Structure formats: structure tokens, C-alpha cells
Amino acid sequence: QNLSTARIDLGFGFWVGNSRRALVSGDIVATQHYVPLEEGSRRGRYFLDRVDVSDPANPRLLPEVNIPGSLLDFDADQGLIVTLDHELRPDETEALGCRFRRNEAGECERSIRSVNTLKLSGDVATLQNRIEVDGEENGVTYSARDVAVGGDRVFVTRHSQDGQSSNRSLQVFSPSGSGALEDLGSI
């Protein structure tokens, strides 16, 4: 039967991040959805959604899996998931003026993003590795501009500044089958 005639109601829509695309790995089509924790809150939970299309005429929606952040990559054979998460933290550089944003209480804060690898076992994803791609170290503030996954690499373009100068770099990571993220360096 032609797959274009098969229908499955995903209920939540069908999207991955802002790109509105799906990831395909073997017979699994992966996407995600987001559920706010409470009305008006900027906090929420992300879920990996998988559709098994091994029988194209009868695709099956598999149970959702809670994941930290937006889905970047999914490998069904290895059970490996890569996500991009963010956490709001107080901005430690407020003495220089609030360079990021103020929360409802007027406190300066910034979003710290991290690239995460998870191992999927059944319907449970377990965090294996987490690398922050935003932050501050030795007086240098750095932030990720773009994050992309291609093949067996995670690419992060970063902007760093120390008050005197600014630099851009491309940092490369390689997720292993166990889920560890190896830093391959930057250019």
C-alpha cells in the first residue's frame, strides 16, 4: 500500500524544533512536542514522539518519552538521542549592566544552553552526557549561536567576548555509542 494513504493522528501536531521537520532513523520517524508546566509559564517539558512505519499501511505511534530540551538527533539502532536544553540562571555579570534579560522580579538572568546525549531503553531516556554551550569562564562570556548535527558530529558556533574583543569559533563534538560527548576541538 502507498504510504501517502496511511494516516495517523498525532494529536499534538508534527514538528521538530523551529525547523518543522522530522528525523527518520530506520523504520522510526521521530518528532517532539512541548507541554507547558502551567498556564503562562515559560517552563515546560519536552517529549520525544516516535512513529513506527515498519508496516507503512499501519503506522504505529509509540509511547512518548520525556527528554530534556529540543530534539536535535535520534538514532533508533543505537538508542541515542541528542537534545538542546536551556536553563535560566542569574546573570553573574550584572555589575557590567544586564546584558541578557530581566525576569518578572527585575533580576538579570540569562539562558544557559546545553547539548545532551541520552540513551533510550524501551520508553525511558537516561541522560548520559551534558555539555554547556553558553556560560562564562575566566572573565570571558560565551554563547552558542547555532547548533547542528550531521552524521556522527555535533557542531556549535560560539561567540565569545571579554569586554575588549570578541571571537567566533566552531566547536565540534562526537557522540559515542555509549552517549559520551567527546570534544574534538574548535576552529
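Please read these numbers as outputs of a predicted model, since none were measured by experiment.
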Which atoms form the tightest heavy-atom contact between Ala76 and Ser25, and what is the distance? N-OG, 2.8 Å
When rounded to the nearest 0.5 angstrom, what distance separates CD1 in Ile112 from CG in Asp134? 5.5 Å
Hey, does the side chain of Tyr46 reach the backbone of Gln32 with a donor-acceptor pair shorter than 3.5 angstrom? no
Candidate pair His33 and Asp49, rule side-chain hydrogen bond (donor to acceptor under 3.5 Å, both in side chains), full reasoning: CA-CA 7 Å; His33 73 277; Asp49 298 298; 2.5 Å; yes
Which atom names give the shortest non-hydrogen contact between Phe74 and Leu120, and what distance separates them? CE1-CD2, 3.9 Å
Looking only at side chains, do Asp52 and Ser54 share a donor and an acceptor under 3.5 Å apart? yes
What I'd like to find out is whether the side chain of Val53 reaches to under 4.5 Å of the side chain of Ile28, using heavy atoms alone. no
Interatomic distance, CG@Asp85 vs CD@Glu132, rounded to 0.5 Å, equals 10.5 Å
Hey, which of Ile131, Leu184, Asn129 is the one that makes side-chain contact (heavy atoms from CB on, under 4.5 Å) with Phe173? Ile131
For residues Asp152 and Pro175, report the shortest heavy-atom separation together with the two atoms involved. O-CD, 3.4 Å
About how many Å separate CZ of Arg45 and CD of Glu64, when rounded to the nearest 0.5 Å? 8.0 Å
In the single-linkage hydrophobic clustering (I, L, V, M, F, W, Y; side-chain heavy atoms under 4.5 Å), do Phe155 and Leu84 co-cluster? no
Does the pair Asp146 and Val156 meet the rule for a side chain to side chain contact (heavy atoms under 4.5 Å, CB included), with working shown? CA-CA 6 Å; Asp146 299 297; Val156 180; over 6 Å; no
For the backbone of Glu182 and the side chain of Ser174, can you confirm whether one donor and one acceptor N or O come within less than 3.5 Å of each other? no
Taking Lys119 for the side chain and Ile81 for the main chain, is one N or O donor matched with an acceptor at less than 3.5 Å? no
Are Ile187 and Val172 connected into the same hydrophobic cluster when the rule is that any two of I, L, V, M, F, W, Y join if their side-chain heavy atoms are below 4.5 Å apart? yes
Got a second to check how far His86's NE2 is from Ser114's OG, nearest 0.5 Å? 10.0 Å
Salt bridge present between Asp73 and Arg153 (N-O < 4.0 angstrom): no
Closest non-hydrogen contact found for Thr126 with Gln128 is O-NE2, 3.2 Å
Check the side chains of His159 and Arg145 for a donor-acceptor pair under 3.5 angstrom, ignoring hydrogens and angles. yes
Return the minimal non-hydrogen interatomic distance between Pro68 and Thr83, and the atom names on each side. O-OG1, 2.6 Å
Would you say that Val115 contacts Val147 through its side chain, given a criterion of any heavy-atom pair below 4.5 Å between the two side chains? yes
Could you see if Val24 belongs to whatever hydrophobic cluster contains Val51? Use Ile, Leu, Val, Met, Phe, Trp, Tyr and a side-chain cutoff under 4.5 Å. yes
Val133 with Val149, same ILVMFWY side-chain cluster at under 4.5 Å: yes
Tightest non-hydrogen contact, residues Leu71 and Thr31, listed as CD2-O, 3.8 Å
Are Phe47 and Leu118 linked, directly or through other ILVMFWY residues, by side chains that come within less than 4.5 angstrom of each other? no
Between OG1 on residue Thr117 and CG on residue Leu72, distance to nearest 0.5 Å: 11.5 Å
Run Asp123 and Arg50 through salt bridge (charged side-chain N to carboxylate O under 4.0 Å, His left out) and show every step you take. CA-CA 10 Å; Asp123 299 325; Arg50 300 160 295 151; 2.9 Å; yes
How long is the gap from CD on Gln78 to OG on Ser176, to the nearest 0.5 Å? 8.5 Å
